[in-house]
Amino acid sequence: MIASRRAALAALAALAAGTLAGCDGSATLDGGGKVAPTTPRPAAGGPATAGSRAAAASRTPGPVRPSAPHAPPGGLTRAQVVARYGHLRPHTWGFGGPGVVRDLPTSRRVIALTFDACGGYGGSGYDQALISFLRRREVPATLFLNSRWIDANPAAFGRLAAEPLFEIANHGTRHLPLSVTGRSAYDIAGTRNAAEVYDEVAGNQAKLTRLLGVPPRFFRAGTAYSDDVAARIVTAMGVRLVTFSVNGDAGATFTSGEVRSAVTGAPGGSVVICHMNHPERGTAEGIAAAVPYLLASGYGFVRLSDELR
């Protein structure tokens, strides 16, 4: 297993870079699981003007069939997902839904730091300062990596995947919101049907399974938005759909002070979302200020798999 994993990681050097999408902003869900709109932060990595951003986001994503994994995720094929879920209509849209993980099932004073790397249109940078800080302080974290970010950062991916401190999770193939009707979030058009939901999950799941030697256990959609039918599809594919309970950097748009304030305010059991693909933003400095404060206050940090069995 170790030899095959090393060989797979070495093959990353041959991968090419890709393009598309953005990161998440801020919103809340009401008691019925529907979105209660707030004033969203702009998605990180967008173009210089709102007009050019809207034009880019208005392009309807064409179907992309994933390279098939050795076995379909959860044992389900694309055709089976379409047959089982293709006729269903969604009732909710947001960060919740059936089977969605928003916080940790514990009363302990532990926090799960999670970092998205969106790739493509959302930015394929690598926040080395953030990762170096986590290494120095031995702070575990779950890293949600998009397929295009992996293609653009093969060497960094190889190092991260080899470190037990970090857990690698699936952040989608094209960084799309998960919808069975094409619904958008933060100007990013979502998947249009059950087949495209499958593709968005399965494409990067196959890649990560091939590179890691084992399938990732967790998936977060681009923007973290999904409808309830898409959430059911992800669960049926044998993957845990994860959103968040604390928005730590608002799509990498917070200043370092805002990141520090958001993260230090996280209660025990929180799943904190931040980003590791925008080193020019305030995330690294804010996390570097928040972590010592939380440690001194008696909090600890965990990977998602440490608490979610």
Side-chain angles (χ1 to χ4, degrees), residues 1-12 15 18 64-82 84-85 97-101 104 112 114-119 140-151 153-154 156-176 178 191 194-222 224 226 230-243 271 276 302-309:
M1 178 67 75
I2 294 175
S4 63
R5 180 171 174 176
R6 287 175 177 169
L9 292 175
L12 282 166
L15 296 177
V64 173
R65 293 295 297 272
S67 56
H70 296 297
L76 288 178
T77 66
R78 190 178 195 264
Q80 288 171 329
V81 165
V82 172
R84 186 180 300 182
Y85 299 100
V100 175
V101 175
L104 304 175
T114 70
F115 297 95
D116 289 0
C118 303
T142 301
L143 312 180
F144 284 88
L145 308 183
N146 179 264
S147 180
R148 296 153 313 146
W149 188 91
I150 297 168
D151 291 345
N153 298 276
F157 172 83
R159 291 190 294 270
L160 293 168
E163 295 184 62
L165 189 66
F166 303 124
E167 172 177 48
I168 305 300
N170 183 348
H171 195 33
T173 306
R174 295 185 291 160
H175 193 265
L176 304 181
L178 284 192
T191 51
E196 289 192 4
V197 170
Y198 179 90
D199 294 345
E200 178 66 11
V201 178
N204 199 36
Q205 191 76 356
K207 173 179 285 187
L208 285 168
T209 300
R210 183 174 67 252
L211 296 174
L212 299 172
V214 294
R217 292 181 54 196
F218 306 108
F219 175 87
R220 177 179 284 147
S226 66
R232 290 174 60 185
I233 292 172
V234 176
T235 299
M237 293 173 70
V239 188
R240 301 289 295 273
L241 180 58
V242 178
T243 58
V271 174
M276 54 173 282
V302 295
R303 304 172 305 168
L304 289 175
S305 61
D306 296 327
E307 298 293 327
L308 299 171
R309 305 299 180 185

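Counting heavy atoms from C-beta outward, V82 and Y198 have side chains that stay 4.5 Å or more apart. Looking at heavy atoms from C-beta onward, R240 lies out of side-chain contact with L304 at the 4.5 angstrom threshold. In this structure, L211 and I150 have side chains that are in contact, with non-hydrogen atoms separated by less than 4.5 Å. L178 has its side chain within reach of V234: a pair of non-hydrogen atoms, C-beta onward, lies under 4.5 Å apart.
Counting only distance, with no hydrogens or angles, the side chain of N146 and the backbone of H171 share a donor-acceptor pair below 3.5 Å. N170 contributes a side-chain N or O that, together with a main-chain N or O of V201, makes up a donor-acceptor pair within less than 3.5 Å. Without hydrogens or angle criteria, E200 side chain to T191 main chain gives no donor-acceptor distance under 3.5 Å. Between the side chain of T173 and the main chain of N204, a donor-acceptor pair closer than 3.5 Å is present. At distances below 3.5 Å, not a single donor-acceptor pair connects side-chain atoms of R303 with backbone N or O atoms of L165.
Checked for salt-bridge contact, D151 and K207 meet the test: a charged N lies under 4.0 Å from a carboxylate O.
A donor-acceptor pair shorter than 3.5 Å cannot be found between the side chains of R217 and S305.
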Intermediate values then yes/no, side-chain contact (heavy atoms from CB on, under 4.5 Å), V197 and V81: CA-CA 9 Å; V197 170; V81 165; over 6 Å; no

Derivation of the side-chain contact (heavy atoms from CB on, under 4.5 Å) call for T235 and V100: CA-CA 8 Å; T235 299; V100 175; over 6 Å; no

From CA spacing to verdict: side-chain contact (heavy atoms from CB on, under 4.5 Å), F157, I168: CA-CA 9 Å; F157 172 83; I168 305 300; 4.1 Å; yes

Verdict with reasoning, T142 to R220, per side-chain contact (heavy atoms from CB on, under 4.5 Å): CA-CA 11 Å; T142 301; R220 177 179 284 147; over 6 Å; no

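Considering every non-hydrogen atom in both P215 and T209, the closest pair reads CA-OG1, 3.3 Å. Smallest separation of non-hydrogen atoms from P98 and R232: CG-CG, 3.5 Å. Contact between F218 and A169 at its shortest, heavy atoms only, is O-CB, 3.6 Å. Between Q205 and P216 the shortest heavy-atom distance is NE2-O, 2.8 Å. In plain terms, the two heavy atoms of R159 and E163 that are nearest each other are O-CG, 3.2 Å. Here the closest non-hydrogen pair linking L160 and M276 is CD1-CE, 4.0 Å.
Note that CG of L76 and CZ of R84 are 5.0 Å apart. Values are rounded to the nearest 0.5 Å.
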